[in-house]
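One structure below.
Excluded from the calculations below are hydrogen atoms, water molecules and symmetry mates; all remaining heavy atoms, backbone and side chain alike, are included. What you are looking at is a predicted structure, and each value in this text was computed from that prediction instead of being measured. Chain naming here is simple, since letters A, B, ... match the order of the sequence lines and numbering starts at 1 in each.
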Amino acid sequence: MEILSNLFNVALLVATIRTTTPILLVALGGSFTTKAGIFNIGLEGQMLIAAFFAVVGSIWTGSSLGGMVIGVSAALVFALIYAVLVVSFRANEVVVGLALNILAGGMTVSLLKAIFGTRGSVVGRGIVGLPKVQIPGARDLLGPSTAQLISGYTPLVYVAFLAVLLMILFYNRTRLGLYIRVVGEKPEAAEALGISIARIRYTAALLCGLLAGLAGAHMSLGYITMFTENMSSGRGFMAVAILIFSGGDPLKVLAGCLLFGFADAFSLRLQTFGFPSYLVLAVPYAVALVALFALSWRARPKRIRETVETIRRALSVHPSREAGRDAPLPRS
Amino acid sequence: MTNRLLFRGLFSKGLARTLAGQALAFAIALALGAVIILMIEESPVAVLMTLMRGAFGDAEKIAGTLLQTTPILICGIAACIALRGGMFNVGIEGQLFLGGFAAAWVGFAFALPPVLHVLAAMTLAVVAGALWIAIPAFFRVRFGTNEVVSTILANYIATLLTSYFTIFLFKRPGGWSETPPILTSAYLPELFSFSRLNIGLLIGLALAVGVAAFFRWTSAGYAVTMVGSAPKFAEYGGVSVRRVGFGVLLVSGAVGGLAGGVETLGVHHRFMEGFAPGFGFDGLIAALLANGSPIGTIFTALFFGALRAGSLLLEVDTTASREIITVIQALIILAVSADLMMRRRGDRTGERRWKF
Amino acid sequence: AEKVHIAAISGYFAQGFGISIVNGLNKAKDDFGIDLKLVDTGNRALDYEEQFANLAKSGQYDLIFVMGWELVDALQKVGAQYPNQRFVFIDGVLDAKTMVYANFAEEQGSFIAGALAGLVEDMGPEFDKISDGKAIGFVGGRDIPVIRNFLGGYEQGAKYAAPDVKVNSVFAGTFDDPAKGSELAMALYGQGADIVYNVAGPTGEGVMQASAAADKYSLGVDIDMCSSAPGNVLASMLKRGDVAVYAIIKDEVEGRKVMPGTRTFDLASGGVEVKVCDDVAAKLPAAIKDKLEAIRTDVIAGKIQIARAK
Amino acid sequence: MDLAVDLSGITKRFGAFTANDGIDLAVRRGEIHAIIGENGAGKTTLMNILFGLLQPDAGTISIGGKTMLVDSPAVAINEGLGMVHQHFKLVPSLTVADNIFLGMEIRRNGLIDRAAQVERTRSLSEKFGLRVDPQERVAGLSVGIEQRIEILKVLARNARTIILDEPTAVLTPQESRDLFQTLRSFVDDGMTVIFISHHLEEVMAVSDTVTVLRDGRVVATKPKSALTKRELVRLMVGRDVSFDRRPRTRTDGAVALEVNDLWARDDRRLTALKSVDLTVRAGEIVGIAGVAGNGQTELAEVLSGLRPASHGSAKLHGHDILDRTPAEIRNRGLAHVPGDRMVRGVDRNASLSANMLMGRQTKRPFARLGVIDWSAVHGTMRALIERFDIRARGPKDPARSLSGGNIQKVVLAREFTAGGDVLLIDQPTRGVDIGAQEAIHDEIMRQRADGRAILLISTQLDELKALADRILVMFDGGIMGEVDGAAMDEDAIGLMMAGIDPADMTEAS
Ligand SMILES: Nc1ncnc2c1ncn2[C@@H]1O[C@H](COP(=O)(O)OP(=O)(O)OP(=O)(O)O)[C@@H](O)[C@H]1O
Ligand SMILES: Nc1ncnc2c1ncn2[C@@H]1O[C@H](COP(=O)(O)OP(=O)(O)OP(=O)(O)O)[C@@H](O)[C@H]1O
Ligand SMILES: [Mg+2]
Ligand SMILES: [Mg+2]
């Protein structure tokens, strides 16, 4: 019992929110490109380059906001390169994405050396992290332990979750959102109405860069306050995985990210019960994989419905031909 | 009539354009690279010369280049096989690790006569790679589960799993995070006395030629190609699209496992944590740049191998660091992928070869 | 005298211990005017041998410092091919007689860190920010033998000083993910640990920042990390790579040619030590300080035997 | 003269190929102007240029008297032009209203005002008598309704000139009639209609003026009243073409294909075949008539093993084929010319030889022990190019470099030489020009004379009339009835195609 309460508590939920946020931000970014019909495996690189420049910017400007702006700008530059190559030059998306990831890795380390004279990480040195937002009254209303659930995160955590709602609205109720969906789903329809496919895809790629940039800035100024090489640590790839099986729908993206974030936070806690670290560390990936398989299984409700129908029919009396005219006998 | 002329014209013009485009792309990448090199206060010419010397300077260096080429080539072939069948195996990295571990296990846990030992270890490496992709492959052909996602996820698990095996179950006492060394009977023969270059390279080349010939000359290869480029047509023609798809992924995984086996038995002679990171992705990029052609992959893999080998000397002989090489490498890949002249015309009908 | 040429090669110059080595090398460069070349191995085992050979073949380096266990096999092979090239392997001992080995007793330093943590934890709420949970934590980078050696010393030290304090240990599986380090530390704090020792390179920086966020304590490693989270860092276990390389280079520069053999850097020789952060030192009761000093003396004297992880 | 649209000297080249060659086209306000011509004559290209989807290499465009540069559909739409494309351009996941207002969304406070769009759609739909449910998703709607939506889309943009590219190809005769009534009412309201069609009857029935294109040039623009059907054909093809019934001798062979009470579902898992019974004997051609989408394709797919049946039986020479794979069925002697040749029939990017090899890649003389003998393959393909008069440079040409008609001949050549004695032919001449049609018909008759059992699916009654011994009419997945090919009554077939039993009609009247 004690073990259970040690495992499942508010702290776990709070941790889930923390672990979910960066993936959610970058995955929501990827939602734009996914919906616009281009595949962006380069999210990892956009996030990493933004994390780096956010730290640099924060030191230069002496403000976390300045850091965020500069970090996001760097991600936008990467997004623009991606768009030029993929949209205008029709380069293979996977090659471009992977190459941009490599580029981000190499550039951050080189620039780290050039700017800070060190390898690896920048800590301290006047980096200004994002402040924590205390929601007024949360403590009094909910009590100190539950209040943690909604209060005391850095701003981008709220932005990430709010963005889910905004993006639902965006896709359903705004013109640009609609065009992005149309361009991804049926480009000829857009073209025939004079909607420029290229322009929409560029916009989607840049919007993606914006959110991936925020995700990076969150990593290095919000989640923690430092930069270290390769600090995105596969979160961008995780986001790509979530995007492919969510099709970029904001709600499904949220669900996927929460699932992964929860599995991550949960598995970290499992380690303290003596499970071998390497196996426990694989849990989030295994959970994601199982969820993916389970979902594709479920994605055939009609088949299941049919099977159920078959069974039902097999059990009932043989129906007459007339009765079966519109719903024929399944072949036994 | 007009059509004939039209197409003859298009073809030759297209080829010339492609070549010119690639050359232009290359030049742009190098120019960008030169700017970066200038920024770190090195001479681009010196860097390029050192790079060339590091890759092809003498027999040893050439062997070093080929040593780097081997795993990229074999991983690239694994990627080519899947691409031909219309699929993406992004999980080569994981298959490489599992294959590497499996080969090591046979290598240290059993005492077998020389040739047999190698064969047994290689076989298990191949089986391990195939098994690792079997589940994603099954879900892909049966339920259409996207194999890009499932194989990416499987990579993480494979890496962690082999680390677990290595450190918790088979750690060499007193050693680094590695298994005991394999017995010498399981070593792949080396080609030259002065290098670790081994027959793995020949395996890779034979595989490339074999796979190319398979696709070009055999009925089964024809069926795979058709499933990859026109699945509905293949289905109509009596090819079992699911079975072929499953087989293709399995073989691709098996070759990924083989790459791991070659690295273990040929070079490292043991399995260690993080033993060959990134080769799977290098192989995938090499294969994509070669547009899925096994023979083309020999050259792209050689190109990557030379860059990697050259950068090792670069780091010693100049103040440029390996990251700079990474940056330049990425620029070259980007430029070449853009294929500058070919695709500039704004036609909207341009088909993509692979869908996600 | 002739200029001394030094090369140093490792995949870890970006992380705690590597940083301290680079510090030592740079200090030697400043003090003795040596020629210094740093080479990064990257993380591909395939590259190591060629990199050593490239360095050794140039013949221009008097000493080549090599750091990192994964380089050992490649080093032994290349070392045999270039018998005239002197290599210094940092952070371990092998049986070969051809090289210089700089061996660090990280288990001793970790033992003291563990003892300090145990003693502080044992005080309970008496000491600022300590609960009566009687638990401390450990966050490792990857679960590899070197890190296990730190953990072993830490656990033994804690048990020795405070038998009923429990040690919870976790591993991030990576040295590059401070966010994960922070999350792991949060989990440990959440489960009652008041002090968490990090041996995880940049991942460990996340642990330090988590201690500030949770307002608990952390223990730094390799270099002095007291400034990472002022007020929340208890102490740092210093693994003085800088001292080691500086000493070896000094010998070389001053004409005492460095020859194969093993040099041990332990608590006695100042190669490892625990630096209690100033603010903590000011608050720490004298009794605790005395106990800690007694333990230190016993370890140096060999009265306390610490098992090394294998 | 009051011209709605005036094109002059329009030239469009694709590479060295000239699709439009100095075309002049004047469309008077308030008329229905038909454009006809063979496949590839350049009709769609011309309309795409007018609509701003393509840019001409030479020539000028005037709309409503203003000469202008139409470099985007947006410009054309602005000038009161609307186009209903040959292939519909609707977004399946959006609702009807969203599709109609795509590109001209009604917005309030920057957000799309769904309610207003639905309201406008409803009023438009009432005003023009085109009934749709504004809130339904387009995915799953029938083509007839999709076309209504496309027309509403055009009307919502206040188009005064409507272009329709082959609007009736997918409609039932009744739906076509309704459509033309609607178009007529538009013209009565002062609008202008330009439509492209291959159906000469249709053109003769509804148009005011006809323009005929051949090889990218205008061969004639005449008022309908000055034309006959025969003249139109000659203008289109450049010679007389006969649609007469092919002479034949009656042969009564053994039953080769027998289908009993066959049921199946389509891709959307809706019932597509309902209790189909049929038999085909050696040496006869059994035609299947019906408007596209009434289960013909599914029938062909089930028989060739590409689609599972849900109930019933199908026997090939007495062997049950329902549980067999496509390969097994092929080996039993069934050859299949698929209706969707670009997707099922060929790999556009592969060479002609590779396309010909499909299905026989393991068989001698093309392969031995799993190794392909490409020289044998090329040799055979070369012979087929000769025999079937395929216009290609050689066996190594990629299929995509051939025109649609020639691609179709490649498919026919492959299937007719596959050694099967039962031929399942789905739409052999769809989109194929009249000259090639004749050649294909000759070949089909030759196969019949050779004693093959042929099941011929076609949406063109002319074709069935010329070829079939018996005709079965399909409607909504079932067989409505059978008529004798020699003495066929087009009216009866037309009624059955629309789902009406002619017997009922005669009783009622
Ligand atoms: N984008 C293009 N690139 C090259 N050739 C083209 C292109 N579009 C059309 N063509 C060619 O131009 C010619 C005219 O085509 P178009 O589509 O206008 O014919 P059509 O008269 O509409 O024929 P159909 O009756 O089959 O619709 C054809 O030979 C066609 O293949
Ligand atoms: N990408 C292209 N570039 C140049 N010419 C092309 C291209 N695509 C098609 N063509 C030309 O168009 C001609 C036929 O195209 P298409 O397939 O549209 O023929 P079609 O007779 O209109 O048949 P259908 O429309 O029924 O398929 C070919 O002869 C070819 O020369
Ligand atoms: Mg056409
Ligand atoms: Mg057309």
- prompt: Do you know which of I333(B), V327(B), T326(B) has the most heavy-atom pairs under 4.5 Å to chain A?
  reply: V327(B)
message: Counting only non-hydrogen atoms closer than 4.5 Å, does A114(A) touch chain B with its backbone (N, CA, C, O), its side chain (CB onward), both, or neither?
response: neither
message: With chain A as the partner, which of A154(B), S150(B), A158(B) has the greatest number of non-hydrogen pairs under 4.5 Å?
response: S150(B)
- prompt: Is there a side-chain contact between I135(B) and F139(B), using heavy atoms and a 4.5 Å cut-off?
  reply: yes
- prompt: Among A198(A), A241(A), P187(A), G105(A), who wins on heavy-atom pairs under 4.5 Å with chain B?
  reply: A241(A)
query: Considering only heavy atoms from C-beta outward, does the side chain of V56(A) approach that of F116(A) to under 4.5 Å?
result: yes
task: Could you tell me which of V96(A), L98(A), L279(A) has the largest number of non-hydrogen atom pairs under 4.5 Å with chain B?
output: L279(A)
- prompt: Tell me, side chain or backbone of I332(B) under 4.5 Å from chain A's heavy atoms, or both, or neither?
  reply: neither
task: Under the ring pair (Phe, Tyr, Trp, His ring centres under 6.0 Å) rule, collect the residues that match up with F275(A), sequence neighbours excluded.
output: none
query: Taking C-beta and beyond as the side chain, do T33(A) and E93(A) meet within less than 4.5 Å on heavy atoms?
result: no
- line: If you tally heavy-atom pairs under 4.5 Å between each of I102(A), V240(A), L103(A) and chain B, the highest tally belongs to L103(A)
message: I'd like to know if the side chain of N155(B) and the backbone of V90(B) have a donor-acceptor N/O pair within less than 3.5 Å.
response: yes
- prompt: L161(B) versus chain A, heavy atoms under 4.5 Å apart: side chain, backbone, both or neither?
  reply: side chain
May I have the list of side-chain donor-acceptor pairs in residues 242-251 of chain A shorter than 3.5 Å, sequence neighbours left out?
| residue | atom | partner | partner atom | Å |
| --- | --- | --- | --- | --- |
| S246(A) | OG | I242(A) | O | 2.9 |
| S246(A) | OG | L243(A) | O | 3.3 |
| S246(A) | OG | G248(A) | N | 3.1 |
| D249(A) | OD1 | K35(A) | NZ | 2.4 |

- request: Classify the angle between the aromatic ring planes of F271(B) and F97(B) as parallel (below 30°), tilted (30 to 60°) or perpendicular (above 60°).
  value: perpendicular
- prompt: With a 4.5 angstrom heavy-atom cut-off, which part of I328(B) approaches chain A: side chain, backbone, both or neither?
  reply: neither
